A.B. asks: 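Following this message is one structure expressed as structure tokens.
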Amino acid sequence: MNAEQDRNPHAIAIEVEDLNCRYDAEVVLNNITFSVKHNEIFFVAGRSGCGKTTLLRHLVGLLHPFQGRIAYFGRDFTRANATERREFTKSFGVLFQNNALWTDMSLLENVSLPLVLHTQLSRDIRTEIVALKLAQVGLAGYQDRFPRELSGGMQKRAALARALALDPDILFFDEPTAGLDPITAQQIDHLIVQVRETVGATVVVVSHSLSSIFHIADRMILLDPESKGIIASGAPAELVKSSGNPKVIEFLKRDLGD
Ligand SMILES: Nc1ncnc2c1ncn2[C@@H]1O[C@H](COP(=O)(O)OP(=O)(O)OP(=O)(O)O)[C@@H](O)[C@H]1O
Ligand SMILES: [Mg+2]
């Protein structure tokens, strides 16, 4: 991020315009338009299968949209060439739905990976950075552990440390609290807020957890599997008060705990 973006708290970090996402002929998302402000915690919510992970894969460049445009800080990501795309993706930190930690690698090796792939830093410096990142997520001293030796919550933290390795401008989390008990889930939520503040990053969280949405989301969009589009967009508390769409009310007013 350049200094100008840093100074402007109202900058738009992500702009998505009329996105259409498909797997071969199957349309998963259509007409997706939204923007995320710099330093915002922005949730992408919706029922299972509505296309949250698909949207995230497009946002981070793992998939290319059939139609539409994605821009970061005013720069077009969709039409960037290979070198530019590498620059963009260097500024992203991603925590995948299944953590995607390498099971036969220690946490040192797992968290080092982005540094090995994207920097020329020496092994010593990488080791220092990994120690710092692990400390940042509450896993100080866990460098030599393997993912299988960690609880689910600790694995999420380790994956978060890896996502933080390159000091990203934008963090993407896919279901960071899924499968965790409520207390551990809340700790992860706190960690996300803490990271937003300390790193100064913009955060996109894919989740259908109401508890997380109402605790930490600044704004959200709600995706709908039937229309394949966005059926609500705004601050969660406002949506509860003002949305007249029964699907939105049903989603946001269901029992807490999932
Ligand atoms: N690689 C793929 N090839 C073809 N279809 C896919 C692929 N990945 C996902 N889909 C389909 O796209 C739709 C959206 O899936 P996606 O994984 O994005 O949903 P989701 O909202 O993340 O669901 P969940 O909450 O269960 O993680 C589903 O119908 C799914 O079957
Ligand atoms: Mg998913």
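Both counts, for ligands and for their atoms, begin at 1 and track the order of listing. Numbers here simply count residues along the sequence, with the first being 1. Note that this is a predicted model, so its numbers are computed, not measured.
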A.B. asks: Of the side chain and backbone of Lys228, name the one, both, or neither that has a heavy atom under 4.0 Å from an atom of ligand 1.
C.D. replies: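 For Lys228, no heavy atom sits under 4.0 Å from ligand 1.
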A.B. asks: Tell me which donor-acceptor pairs under 3.5 Å the side chains of residues 11-18 have, and how far apart each pair is, sequence neighbours excluded?
C.D. replies:
unit_1	atom_1	unit_2	atom_2	d
Glu17	OE2	Arg69	NH1	3.3
Asp18	OD2	Gln67	NE2	3.0

A.B. asks: Which donor-acceptor pairs under 3.5 Å do side chains of residues 54-65 form with protein atoms, sequence neighbours excluded?
C.D. replies:
unit_1	atom_1	unit_2	atom_2	d
Thr54	OG1	Tyr23	OH	2.9
Arg57	NH1	Tyr23	OH	2.7
His58	ND1	Thr54	O	2.8

A.B. asks: Which ligand 1 atoms are under 4.0 Å away from a heavy-atom of Arg57?
C.D. replies: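 Those atoms are 8 (N).
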A.B. asks: Is any heavy atom of the protein nearer than 4.0 Å to atom 14 (C) of ligand 1?
C.D. replies: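 Yes.
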A.B. asks: Compare Val44, Val27, Val28, Thr53 and give the one whose heavy atom is closest to atom 22 (O) of ligand 1.
C.D. replies: Thr53
A.B. asks: If you leave out waters, which protein N, O or S atoms are less than 2.8 Å from the Mg ion (ligand 2)?
C.D. replies: Thr53 OG1, Gln97 OE1
A.B. asks: Is it true that Asp104 and Arg148 make a salt bridge, defined as a side-chain N closer than 4.0 Å to a carboxylate O?
C.D. replies: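 Result for this pair is no, no salt bridge flagged.
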A.B. asks: Heavy atoms only: give me the nearest His208-Ile213 pair and the separation to one decimal.
C.D. replies: C-CD1, 4.5 Å
A.B. asks: Before giving the answer on side chain to side chain contact (heavy atoms under 4.5 Å, CB included), spell out for Met154 and Tyr142 the whole-Å C-alpha distance, their side-chain angles and the decisive distance to 0.1 Å.
C.D. replies: CA-CA 10 Å; Met154 288 158 100; Tyr142 279 72; 3.2 Å; yes
A.B. asks: Can you find a protein heavy atom under 4.0 Å from atom 31 (O) of ligand 1?
C.D. replies: no
A.B. asks: May I ask you to check whether Gly49 has an N/O atom sitting below 3.5 Å from an N/O atom of ligand 1?
C.D. replies: yes
A.B. asks: Identify the protein heavy atom lying closest to atom 29 (O) of ligand 1, giving its residue, its atom name and the separation to 0.1 Å.
C.D. replies: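 It is Glu26 OE2, 3.8 Å.
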A.B. asks: I'd like to check Asp174 versus Phe96 (side-chain heavy atoms, cut-off strictly below 4.5 Å). Are they in contact?
C.D. replies: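 Heavy-atom side-chain distance check fails, nothing below 4.5 Å.
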A.B. asks: Under 4.5 Å side-chain heavy-atom separation, chaining through any Ile, Leu, Val, Met, Phe, Trp or Tyr, what else clusters with Trp102? Say none if it is isolated.
C.D. replies: Met105, Leu113
A.B. asks: Between Lys133 and Asp167, is the salt bridge (Lys or Arg N to Asp or Glu O under 4.0 Å) condition met? List the steps.
C.D. replies: CA-CA 10 Å; Lys133 299 301 169 187; Asp167 291 328; 2.6 Å; yes
A.B. asks: Of Ala45, Cys21, Ser48, Gly46, which has the heavy atom at the shortest distance from atom 26 (O) of ligand 1?
C.D. replies: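 The nearest heavy atom belongs to Ser48.
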A.B. asks: Please test Val44 against Leu223 for side chain to side chain contact (heavy atoms under 4.5 Å, CB included), starting from the C-alpha separation and ending with a verdict.
C.D. replies: CA-CA 7 Å; Val44 176; Leu223 300 176; 3.8 Å; yes
A.B. asks: Taking all atoms of both residues into account, what is the closest heavy-atom pair of Gly153 and Ile188, and its distance?
C.D. replies: O-CD1, 4.0 Å
A.B. asks: So if I count the atoms of ligand 1 from 1 in the order they appear, which ones are less than 4.0 Å from some heavy atom of Glu175?
C.D. replies: 25 (O)
A.B. asks: Relative to atom 21 (O) of ligand 1, which among Gln97, His58, His208, Lys52 owns the nearest non-hydrogen atom?
C.D. replies: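 Residue with the shortest heavy-atom distance to the ligand atom: Lys52.
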A.B. asks: Any luck finding a side-chain donor-acceptor pair between Ser106 and Asp144 under 3.5 Å?
C.D. replies: no
A.B. asks: What residue and atom, counting heavy atoms only, is the protein's closest point to atom 9 (C) of ligand 1, and at what distance?
C.D. replies: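 Result for atom 9 (C) of ligand 1: Tyr23 CE1, 3.4 Å.
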A.B. asks: Lys247 and side-chain contact (heavy atoms from CB on, under 4.5 Å): which partner among Leu222, Leu252, Asp224?
C.D. replies: Asp224
A.B. asks: Does Thr54, backbone or side chain, put an N or O under 3.5 Å from an N or O of ligand 1?
C.D. replies: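 Thr54 vs ligand 1: N/O contact under 3.5 Å present.
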